[in-house]
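Starting from 1, each residue takes its place in the sequence as its number. Numbering of ligands and ligand atoms starts at 1, following listing order.
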Amino acid sequence: MKNIAVFVSGNGTNLQAIIDNIANKSLKVRLALVVSDKKDAFALLRAKKAGKKILFLDPKEYGSKESYEKALISFLSKEKVDFIVLAGFMRILSPFFVRKYKNRILNIHPSLLPAFKGGSAIRDAFNYGVKTTGVTVHFVDEEVDHGPIIAQEPVEVLERDTEKSLEAKIHKVEHKLYSQIINRVSRGKYSVKDRKVVFCKKG
Ligand code: GRF
């Protein structure tokens with residue numbers, strides 16, 4: 001079974017879904033480590049409650065991004081982490097880190113990329129008046145919200161939707177889709193060429 005580390009900074013509903021899906025055995029990976037850059041992230045309490053190993057690394061205690069990420073890498077190596085799953089992690093990883101885990105870092109974004117990049121994607125899509133938005137799971141590359149797309153699922157915006165109800169619908173999709181994709185990717189039978197993620201038919 002592959003080892004994953006989940007990186008969080010906030011509420012951690014996606015982390016919770018991953019924890020629950022591992023517990024009910026629909027997600028077949030080992031959650032080796034939950035990493036946070038925020039001491040008071042609610043996600044850390046969720047991890048603790050589930051008995052998962054947690055690591056809070058304070059960026060302020062490191063002189064540079066590279067020294068922070070080197071420390072991160074040493075913990076990840078110690079836990080033999082195969083895949084990194086970003087779930088509301090609010091720090092941008094440097095090219096140094098991204099290259100080290102090339103095509104092994106996943107991110108989930110609450111829009112159909114490349115539309116509505118950035119930290120307020122649900123609000124931006126809602127205010128723009130789109131009729132369809134959705135969820136994207138992608139590999140992380142050197143640019144923000146940019147890497148090769150692994151999966152996308154649309155979410156309809158209805159006339160009666162509010163930003164809040166849209167957010168709830170998007171989260172519901174995220175919680176299911178992320179585990180499905182982590183399962184798929186963790187089997188390791190994929191290639192990435194010219195931004196195209198291709199899964200082998202078998203496996
Ligand atoms: C999610 O909407 C995810 O798409 C985005 O950050 C949010 C994290 O939410 N990257 P949570 O902390 O998992 O509840």
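The 12-atom threshold is not exceeded at NZ of Lys176, counting heavy atoms of other residues, nucleotides or ligands nearer than 6.0 Å. A 6.0 Å sphere centred on NZ of Lys65 holds more than 12 heavy atoms belonging to other residues, nucleotides or ligands.
Heavy atoms of Gln16 come nearer than 4.0 angstrom to ligand 1 in no pair at all. Not a single heavy atom of Ala43 lies less than 4.0 angstrom from ligand 1.
Counting heavy atoms from C-beta outward, Phe96 and Ile73 have side chains that approach closer than 4.5 Å.
In this structure, atom 9 (O) of ligand 1 lies nearest to the protein heavy atom Asn14 ND2, 3.8 Å. Atom 6 (O) of ligand 1 has as its closest protein heavy atom Gly88 CA, 3.6 Å. Scanning all protein heavy atoms for the shortest distance to atom 14 (O) of ligand 1 gives Thr13 OG1, 2.5 Å.
A cation-pi geometry, defined here as NZ or CZ lying under 6.0 Å from the six-membered ring centre and within 45° of its normal, does not hold between Arg91 and Phe97.
Residue-to-ligand polar distances place His171 within reach of ligand 1: an N/O pair is separated by less than 3.5 Å. When only interatomic distances are considered, the shortest N/O to N/O separation between Ile108 and ligand 1 falls below 3.5 Å. Polar contact check, Gly12 against ligand 1: a nitrogen or oxygen pair lies under 3.5 Å apart.
Separation of atoms CD1 (Ile92) and CG (Leu86) is listed at 11.5 Å; rounding is to 0.5 Å.
Counting only N and O atoms by type, the side chains of Ser26 and Asn24 include a donor and acceptor under 3.5 Å apart.
When each of Ile149, Val192, Val98 is paired with Phe139, the side-chain contact (heavy atoms from CB on, under 4.5 Å) condition holds for Val192 and for no other.
For ligand 1, the atoms sitting less than 4.0 Å from at least one non-hydrogen atom of Glu174 are 1 (C), 2 (O), 3 (C), 4 (O), numbered in the order shown with element in parentheses.
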